[in-house]
Structure formats: C-alpha cells, structure tokens
Amino acid sequence: MAPPTPDEIAKQFTANYQPIVDLNTGAVAGFEALARVVQADGSIATAGAVIEEIEGQPDALKALIRTILVSIQRDMVPLFERQQHFYVSVNIPPVILGSGQVLAILEELKLTPYLSRIACEVTERQALTSVGRAALEQARQAGISIAIDDFGTGHSGLMQIVGLSFDILKIDHSLIDTILTDQTAARMLRGIVALAAALRLRTVAEGVETWEEAFFLRAAGVDCGQGWFWSKAVSAPEASGVLNQGYPLSQARPV
C-alpha cells in the first residue's frame, strides 16, 4: 500500500492535548500535542498504528509533523496570547529535527515568536545517537526547547546525558509504575530528580495514574506530572478550560 500523501495526512490527522500538571500548584504547566486520526464520521481516534506505517517514510513523517504544528498554530497561539505560563511539546524525530525542515515550517506558520513556548520531544534512545546529538545542538542554536522523552529506558551512562543539551527530562512511565512497590525504583527516581536539579532541568513524570503516585512524586521533588490521573489528551476547547481551572492535588485526594 502506498504511503498517504501530504494532503491526505493533513485531512486525516489533527492534534489533541494532554495536560502537564505542576505537582506543587496543580496549574497546567503545559500540554503534549498528540496526533489523532479524524474518522470519516468526524470522531477522533488514537493514531499509533497509522503512525507506525509512516515512520519510515520521510515525506509522510514531515507532513504529519507539519499537520501537528498547524494544529498548534490554530489551537494554541490564541492561548499563548492570553496565558503566559504554559508551553506545548511535540514529538519530532531527530532525522526531521536536524534537517532544518522544522525551523522552516515554524517560520512558514509564523510560530517563531513562540519558540520559547514550544518544546520538541526526542526519546532518550534517539538523543544518544550521533544524528540525535547533532539534531539537539541545531535545535538549541535555533532557540527551540528540547525535552528528553522516555528517560530511564535507554540504559545511558551518566556522562552521555551530561553531554546532551536540553531543557526538560521526562521520566518514563515504566519507572513510575513501580515507585510505590519497588524500593529500588523509588531510589532511582530520587536519583533522577537529583541529577535533573544539578543540571537545572525541569522534570515531568509520565504515565501518572493514581493520587498516591502523584503525591509520592511531589514529595520526591518532581516538578510536573502527566497521565490519566489528571486527564487523557483533550480537544483544543477542553484544553482551554483545563488551562483556566488547573488540577489542585488536594482536591483529587481520595476520601
């Protein structure tokens, strides 16, 4: 089957936004823009299987990233103008991030004034390759913030991480899943928080599903959390609502 054309991708995909929540205040610190498929009946579905099909197709992948950035331009720029405290992150593979194409798209969409509000997510494994390191350096020189995604799954050495230039460390959900039952996992989490503090990085815990996990993470010094405990990815109008309301942790405590 031939890969979808850029025009087909632009019609087939949109973005939903999962809140990233400040663990101390409950305010929405940001959103992760996640690709979603627009069904024939107008409903929205997850896009994992479709994305897997186009990951090896550079033109299709570039078209998908452009479509997500178009969604950010449409949905988030009005909120950027009204709210000064939040950012939006988007997954961009190093092969695209390091090619110069992303900055060209950002300029085309007039998003360059908001570069400080947009973070590109690159997985730990991707970041540690030669292509990944070069892409991160190019992005930082262009003024784009970088988040290392899925941290804790790449089996990296300390000096490899110290050698990278980035802003946000996203702790993988596989570690979060075990922090309440495995003492080693809890100690690893505290070690990651200490490393991030030494490097002056913001930390985001992914895959938070319970109040107990959120409370533990806050006590351990993690800055923000992301997961179904607060919300799944939501539409742009819903994102505007949760940005105004936030998610105070005390209000979510079980009775």
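Because the structure is predicted, anything quoted here is derived from the model rather than measured.
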Side-chain touch H85/L243, heavy atoms, less than 4.5 angstrom: yes

Verify the cluster assignment for V102 and V131: are they in a single hydrophobic cluster under the rule of side-chain heavy atoms below 4.5 Å apart? no

Closest non-hydrogen atom pair, V122 against I92: CG2-O, 3.6 Å

To the nearest 0.5 angstrom, please state how far the OG1 atom of T129 sits from the CD atom of E124. 12.0 Å

Taken in chain and number order and not counting sequence neighbours, the residues that satisfy ring pair (Phe, Tyr, Trp, His ring centres under 6.0 Å) with F31 are F86

According to the side-chain hydrogen bond (donor to acceptor under 3.5 Å, both in side chains) rule, which pairs have a member within residues 194-207, sequence neighbours left out? T203-D223

Among the clusters formed by ILVMFWY side chains lying less than 4.5 Å apart, do V193 and F215 turn up in the same one? yes

As a test of understanding, state which of L136, L201, T123 forms a side-chain contact (heavy atoms from CB on, under 4.5 Å) with I148. L136

Are any non-hydrogen side-chain atoms of S231 and V21 less than 4.5 angstrom apart? no

Here the side-chain hydrogen bond (donor to acceptor under 3.5 Å, both in side chains) pairs for residues 109-118, sequence neighbours left out, are E81-Y114

Quick one: does L69's side chain get under 4.5 Å of E108's, heavy atoms only? no

Same cluster (ILVMFWY, side-chain, under 4.5 Å), W228 and L217: no

Atom pair CG (L106) and CD (Q73), whose distance is rounded to the nearest 0.5 Å: 11.0 Å

About how many Å separate CG of L175 and CD1 of I192, when rounded to the nearest 0.5 Å? 5.0 Å

If you round to the nearest 0.5 Å, how far is CH2 of W230 from CD of E209? 11.0 Å

Would you say that K62 contacts I105 through its side chain, given a criterion of any heavy-atom pair below 4.5 Å between the two side chains? yes

Could you list all the side-chain hydrogen bond (donor to acceptor under 3.5 Å, both in side chains) pairs where at least one residue sits in residues 188-199, not counting sequence neighbours? none

CG-NZ distance between L34 and K232, expressed to the nearest 0.5 angstrom: 13.0 Å

L109 and I72: CA distance, side-chain angles, deciding distance, side-chain contact (heavy atoms from CB on, under 4.5 Å) verdict: CA-CA 10 Å; L109 298 177; I72 290 173; over 6 Å; no

Does a side-chain heavy-atom distance below 4.5 Å link V90 with I65? no

Could you pull out the closest heavy-atom pair between A33 and A15, with the gap in Å? CB-CB, 4.5 Å

Smallest heavy-atom separation, P78 atom then R74 atom, equals CD-O, 3.6 Å

Tell me whether the count of non-hydrogen atoms from other residues, nucleotides or ligands lying under 6.0 Å of CD in Q183 goes above 12. no

Tightest non-hydrogen contact, residues D167 and S145, listed as OD2-CA, 3.2 Å

Do you know which two heavy atoms are closest between L103 and A142, and how far apart they sit? CD2-CB, 4.0 Å

Any F216 side-chain heavy atom under 4.5 Å of V222 side chain: no

Indicate the atoms forming the closest heavy-atom contact of L115 with G143, along with that distance. CB-O, 3.7 Å

Of R133, R140, Q141, which meets side-chain contact (heavy atoms from CB on, under 4.5 Å) against S165? R140

Show your working on side-chain contact (heavy atoms from CB on, under 4.5 Å) between I144 and Q138 and close with a plain yes or no. CA-CA 9 Å; I144 300 173; Q138 289 181 39; over 6 Å; no

Partners meeting side chain to side chain contact (heavy atoms under 4.5 Å, CB included) with V204 (sequence neighbours left out): I20, Y87, I168, K170, C224, Q226

Chi angles and distances behind the side-chain contact (heavy atoms from CB on, under 4.5 Å) call for V242, Y17: CA-CA 11 Å; V242 301; Y17 304 93; over 6 Å; no

Listed pairs under 3.5 Å, donor-acceptor, residues 38-50 side chains, sequence neighbours left out:
{"residue": "D41", "atom": "OD1", "partner": "S43", "partner atom": "N", "Å": "2.9"}
{"residue": "D41", "atom": "OD1", "partner": "S43", "partner atom": "OG", "Å": "2.6"}

With side chains defined as the heavy atoms from C-beta onward, is the minimum distance between L97 and I146 less than 4.5 Å? yes

Using a 4.5 Å cut-off on heavy atoms from C-beta on, say whether the side chain of S71 contacts that of F13. no

Enter the distance from L23:CG to Y247:OH here, rounded to the nearest 0.5 Å. 13.5 Å

